[in-house]
Amino acid sequence: MCQDMVVVETTSICKSFFDAATGRETVTLENVSISAAENDFLVLIGPSGSGKSTFLNIIAGLIPHNGAPGQVSVHGQPVFAPNPKLMAYMFQDPVLLPWRTVIKNIEFGLEAQPISKEERQERALKYLDMVGLRDFADFYPRQISGGMAQRVALCRALALETDIILMDEPFGALDEQSRIVLGDELVEIWRKVRRTIVFVTHSLTEAVYLAESIAVFTARPGKIKAEIKVDLPRPRKIGSPDFNTMVDTLWEYLKEESITALNREKTGEDRVALPKE
Amino acid sequence: MSRLSPAVARTIIIVCVLIVCEIVTDYSSASRIIVAPPSEIFWQVLKIVTATSNVPHFYPNAWITIQEVLGAFAVTAIVGIGLGFAFASSKLIGDAFEPILLVLYAIPMVILFPLFVLILGIGMAPKIVFGITVGIFVVVFNTSAAVRQIDPNFTRLARSLGYGRVMTFFKVILPATAPTILAGLRLGFGYTVIGVMAAELLVVTKGLGSLIDWASFNYFTPQLYALIIITLMIGVTGNSFFSVLERRWVK
């Protein structure tokens, strides 16, 4: 248990953005070192602007960090660019292509790789089955609900059959009830397929509900304030005493940081335009 | 009560208008030099397309117009889409050159036509060039708008899935922009036809425009109406072609 294999490892990652308009440099991440073990469900939580999404994008290889000595490695290999053989990435929005049917959207994830048509279809159907949407395979995205669309996006990520899935507030745009239901489904799938998940959220409940371990980010510049193991038994029960204690603990860490972040917004001091990425 | 389908309603209206026209031209004192009864116009259309009317060299002239329209539209489509992509994909190019296009778009192109004739003579060239200058703007603007409207998440998604630039273009950018670009091409075709026909009427040498001018000059009124209708068919055909493409795409 204590010698779990490390799958994702970041060492002293720094990231700063240069704003050409004001000529100022903003540090969003400062010396972030985190690791996720095999089959881990690691949740990154922090106040808005703490750089947790940026950090996830850096792990994915979607945006570069400041470089050495910081390093991201996955299975011991440094990451410089997105690698769909190693990591699947899931956005806050479903990002389904409107001109493709549900199943074709899932297959889209595999078309950049040399995978046969038959296998693409087979995999897509397998994961559609898993989320109970097989009957909707030939529907177009506009014909399905937001929750269903996000399930399809989950299928697309799962169908890559990577060891690692990175999720950037994947249920953030859904209503609370759909969030809980989808969270349940995700945990169920995660236990079935055993992948390493790194999950960004700003919801305390969601963090405690899903996570094996939680990394708390500080207000900008983002650093790791605490790493917490969540060893509540599953299925977890929202509102149970243990659950609430955990949420309280998490809030203790986050409170001060959230207030810092909010005050900064209020005074407008140190306002920066971060590039949308 | 059963409901009328739009197509049936449309047909009824058109038939009614034709009947009214027929009655008015037959029974009113309106001069036959100004109006022609629809039945006679229809008869003339048949005679013209079977080359049995007094319209001289219908097919050679029509062929010239079709060549001009197709030539002008080919350039409009290729250059227009190319410019649209260039404007949208580079902020420098877009910011630098789009204002020029917007200014050109705002001036009535027809005032440039004498210049084209001066430079290019009175053959097909000035008519083609004029057709392009009238038709190309809407293609450029629609294309660049289509590219700019692409959800940036689409390209990020493609990148995260390991798509390269070329694959992203063919699998994401092109399908995402196709409906708007097709709409631009449909409008652009209409404008190209307008441009070519205006040019043919301004410099009367060959083409359907010259036949229309001939019919009008000689007071062959039914022939005039018939030729106008035949010319309209070119525009209508192009328009329906792109409508079908668009509908197939949106489906």
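Protein chains get the first letters and strands the later ones, always in sequence-line order, with residue 1 at the start of each. This is a predicted model, so every value here is computed, not measured.
Aromatic ring centres of Phe217(A) and Phe55(A) lie closer together than 6.0 Å. For Tyr89(A) and Phe91(A), the ring centers are positioned less than 6.0 Å apart.
The closest donor-acceptor contact from the side chain of Asn239(B) to the backbone of Gly235(B) lies at 3.5 Å or more, if one exists at all. Side-chain atoms of Lys15(A) do not come within 3.5 Å of backbone N or O of Thr28(A) as any donor-acceptor pair.
Counting all heavy atoms, side chain and backbone alike, Leu210(A) lies closest to Phe199(A) at CD1-CZ, 3.6 Å. Nearest heavy atom pair, residue Ser144(B) against residue Glu98(B), reads OG-OE2, 3.3 Å.
Considering only heavy-atom pairs separated by less than 4.5 Å from chain A, the leading option among Pro175(B), Ala158(B), Ala176(B) is Pro175(B).
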Next item on the list: Apply the test ring pair (Phe, Tyr, Trp, His ring centres under 6.0 Å) to residues Phe141(B) and Phe87(B): give CA-CA distance (whole Å), side-chain angles for both, the deciding distance (0.1 Å), then the verdict.
Entry: CA-CA 9 Å; Phe141(B) 295 140; Phe87(B) 285 175; 8.0 Å; no
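For Asp151(B), no part lies near chain A; criterion is any non-hydrogen pair under 4.5 Å. Within the 4.5 angstrom heavy-atom criterion, no atom of Ala178(B) approaches chain A.
The aromatic rings of Phe108(A) and Tyr163(B) lie parallel to each other, their planes meeting at an angle below 30°, with 60° marking the opposite boundary. Ring geometry, Phe116(B) versus Phe130(B): the interplanar angle exceeds 60°, so the pair is classed perpendicular (tilted spans 30 to 60°).
Counting heavy atoms of neighbouring residues, nucleotides and ligands inside a 6.0 Å radius, atom CZ of Phe241(B) does not exceed 12 of them.
Of residues 109-122 of chain A, those residues lying under 4.5 Å from chain B by any heavy-atom pair are Gly109(A), Glu111(A), Ala112(A). When the heavy atoms of residues 153-170 of chain A are compared with those of chain B, the residues falling under 4.5 Å are Arg156(A), Leu160(A), listed by number.
Between the side chains of Asn66(A) and Ser16(A), at least one donor N or O sits under 3.5 Å from an acceptor N or O.
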